[in-house]
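What follows is a single structure, written as structure tokens, with notes after it.
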Amino acid sequence: MSSEGHCRCTQIEEESLYTELEKILEGHKGRGKDLIIVLHKAQGLFGYLPRKALEMIALELDVSINEVLGVVTFYNFFSTQPTGRNSIKVCLGTACYVRGGPGVLKQAEKDLGIKDGETTGDRRFSLGVVRCIGACGLAPAMIVNNDVYGRVKTTKIMEILEKYE
Ligand code: FES
């Protein structure tokens with residue numbers, strides 16, 4: 001605890017991740033061809049790719065930051081946003097769309113205080129959209145981690161989400 005009473009644990013944890021990244025980068029100095037391998041390792045470390053990490057990678061591998069950003073945005077398995085412990089995907093495939101999917105998404109955004117593609121400040125939830133999860137008969141559907149929920153009512157979303165820590 002600092003004198004203001006705030007815990008510095010998260011900050012210390014983050015600093016140690018950057019120290020780990022430095023160690024990883026030592027083995028790839030000046031080796032631009034290792035970019036994708038290094039990005040995978042960095043994402044494994046942080047859970048996503050923070051801007052500061054991308055800048056360190058660009059510097060050490062001797063590639064431009066634009067090149068690094070180009071690779072990160074090209075491959076959808078890389079993410080520059082922190083992801084939550086639980087992933088919510090609201091289905092907006094045709095069947096779900098016509099049976100209230102957009103309303104489910106809107107309510108989930110409102111309940112969680114985030115938009116599609118974002119993560120809550122406590123990293124508990126990430127919210128996104130999918131196009132059909134094969135449960136069209138249960139439209140509108142949503143999926144939380146690996147659990148499928150059908151005929152989702154906007155009034156029940158928070159009740160569903162309460163189970164997920
Ligand atoms: S369209 Fe939503 S499950 Fe198929």
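A quick note: this is a predicted structure, and the numbers were derived from the prediction, not measured. Each ligand, and each atom within it, is numbered from 1 in the order the structure gives. Numbers here simply count residues along the sequence, with the first being 1.
Taking every non-hydrogen atom of Ala95 and a distance limit under 4.0 Å, the qualifying atoms of ligand 1 come out as 1 (S). Short contacts between ligand 1 and Ala135, defined as distances under 4.0 Å to a heavy atom of the residue, involve ligand atoms 3 (S). The ligand atoms of ligand 1 that sit less than 4.0 angstrom from a heavy atom of Gly93 are 1 (S). Ligand-side atoms of ligand 1 in range of Cys136: 1 (S), 3 (S), 4 (Fe), range being under 4.0 angstrom from any heavy atom.
For the residue pair Asn66 / Ser64, no side-chain donor-acceptor distance below 3.5 Å is found, with atom types taken as modelled.
Note on Cys91: not counted as a metal contact of atom 4 (Fe) of ligand 1, no N/O/S atom lying under 2.8 Å. Contact annotation: Cys96 places no N, O or S atom under 2.8 Å from atom 4 (Fe) of ligand 1.
To the nearest 0.5 Å, atoms CG (Asp34) and CD (Glu60) are separated by 12.5 Å.
Taking the six-membered ring where the residue is Trp, Phe78 and Tyr75 present perpendicular rings, their angle passing 60° and hence far from 30°. Classified by interplanar angle (parallel below 30°, tilted 30° to 60°, perpendicular above 60°), the ring pair Tyr164/Phe125 is perpendicular.
In terms of heavy atoms, Tyr48 sits closest to Thr80 at CD1-O, 3.5 Å.
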